[in-house]
Amino acid sequence: MNAAKQIVSEAIVENLDILKFSPSATVRVADLGCSVGPNTFFAVQNILEAIELKCQNQGLDSQIPEFQVFFNDHTSNDFNSLFSSLPPNRRYHAAGVPGSFYSRLFPNRSLHIVHSSFAIQWLSRVPKKVVDRSSHAWNKGRIYYPSAADEVVEAYSAQCAEDMARFLQARAQEIADGGLMILIFAARPDEIPHSQLVANIMHDMLGCCLMDMAKKGIVSEEKVDMFNLPVYHMSDQELEAAVERNGCFSIERMESLPPISSTLQSLVSTRHKAQAISFHVRAAMEDLIKAHFGEEILDQLFDSYSKKLEQEYSLIESAGTSALNLCAVLKRKTMNC
């Protein structure tokens with residue numbers, strides 16, 4: 001968090017064209033994929049402090065603008081919990097905006113800063129081909145793409161490219177000229193195959209546990225065949241290509257962040273590390289699994305998953321250096337596009 005905070009602060013101070021905005025105007029910030037906090041509140045506070053510092057550096061101390069912050073997530077997000085935990089001493093007007101960020105959410109040229117943290121690796125949907133029995137990309141016996149056939153990987157990559165095209169086109173219409181977009185996401189180093197990325201290895205293990213349950217008759221194999229995770233870890237080159245195709249943004253900065261592994265490092269036993277990973281993956285994936293298989297399998301599945309992680313933890317350790325979190329700072333060009 002500290003590394004991201006510093007990059008975001010520096011990016012705003014160095015790149016935000018604050019003088020293009022009317023001194024009396026309200027500065028509008030959107031956090032896309034906000035969940036229920038508190039990380040979204042920390043991110044917003046950091047952004048606003050950086051804008052205030054930018055104003056001071058420009059000699060606009062007496063013209064600090066008002067702020068309006070939009071918190072966006074899917075309609076199923078618990079916005080009641082989010083807003084009940086808003087910081088009491090906040091210096092901004094808050095509003096919720098439900099809906100997918102792969103489509104338009106805001107009026108033309110209405111936003112000055114867009115922020116999104118660990119959200120854009122979630123696809124808008126599972127690629128259609130991977131659940132189509134007649135397709136060469138049918139992902140039978142797996143719930144994810146890393147160790148699957150090339151056609152499956154290509155289907156996921158194509159879905160990501162399609163989603164990013166829609167995402168960038170929507171933001172290009174919503175962000176004012178000179179405004180910034182800050183994207184923090186779990187990525188894949190260009191030189192690392194999909195199958196060797198540590199997060200992908202973890203998700204493949206979860207798929208193995210589901211297939212084991214299918215072999216035991218606890219869930220149907222057909223249900224497993226029709227379940228795939230809508231997550232894809234793109235590389236920095238894939239993001240650069242998407243931005244270039246869109247043409248409305250320049251990449252001002254793109255840096256890797258230190259891995260978020262302090263919790264695991266503080267744990268001594270492999271068993272406790274496996275349990276921590278299982279807890280984290282369950283928090284992220286539980287709703288998807290429950291919607292497809294039902295709630296009754298969750299405890300058994302993640303108990304099995306924790307044991308598998310412990311048994312095969314050497315695979316995770318050997319792939320540990322493959323983890324990559326990126327922070328990309330994009331600037332809206334002054335042009336019609």
Can [X] and [Y] be counted as an ion pair, charged N to O under 4.0 angstrom?
X	Y	result
Asp303	Lys307	yes
Lys308	Asp204	no
Arg166	Asp163	yes
Lys331	Asp17	yes

- Message: For a quick test of reading the model, state the closest non-hydrogen atom pair linking Phe67 to Ile51 and the distance between them.
- Response: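 Scanning both residues completely, I find the closest heavy atoms to be CE2-CG2, 3.7 Å.
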Worksheet item: What's the shortest heavy-atom distance between Lys54 and Leu16, and which atoms?
Response: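 Distance-wise, the nearest heavy atoms are CE-O, 2.9 Å.
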How about [X] and [Y]: do any of their side-chain heavy atoms sit closer than 4.5 Å?
X	Y	result
Asp190	Asp236	yes
Asn246	Arg171	no
Met181	Arg332	no
Cys34	Leu82	yes

For a quick check under 3.5 Å, do [X] and [Y] share a side-chain donor-acceptor pair by atom type?
X	Y	answer
Ser9	Asn46	yes
Gln45	Glu49	yes
Asp132	Ser135	no

Separation of Leu330 CG from Asn15 CG (nearest 0.5 Å):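 Rounded to the nearest 0.5 Å, the CG-CG separation comes out at 10.5 Å.
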If you count heavy atoms of other groups shown closer than 6.0 angstrom to [atom1] of [X], is the number above 12?
X	atom1	value
Glu244	CD	no
Glu191	CD	yes
Lys333	NZ	yes
Arg109	CZ	yes

**Asked** Which of these, Asp299, Ile289, Leu206, sits in a side chain to side chain contact (heavy atoms under 4.5 Å, CB included) with Arg282?
**Response**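 So the option named by the test is Asp299.
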- Message: Run Arg133 and Glu222 through salt bridge (Lys or Arg N to Asp or Glu O under 4.0 Å) and show every step you take.
- Response: CA-CA 11 Å; Arg133 294 174 182 273; Glu222 183 179 4; 3.4 Å; yes
| Do Phe41 and Tyr92 make the cut of ring centroids closer than 6.0 angstrom? |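 Distance test on ring centres: not under 6.0 Å, no.
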Cation-pi, Tyr145 ring and Arg142 (6.0 angstrom, 45 degrees) |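 That pair does not qualify as a cation-pi contact.
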Can you list the steps and then say if His233 with Tyr156 is a ring-ring contact (aromatic ring centres under 6.0 Å, His included)? CA-CA 10 Å; His233 297 279; Tyr156 267 86; over 10 Å; no
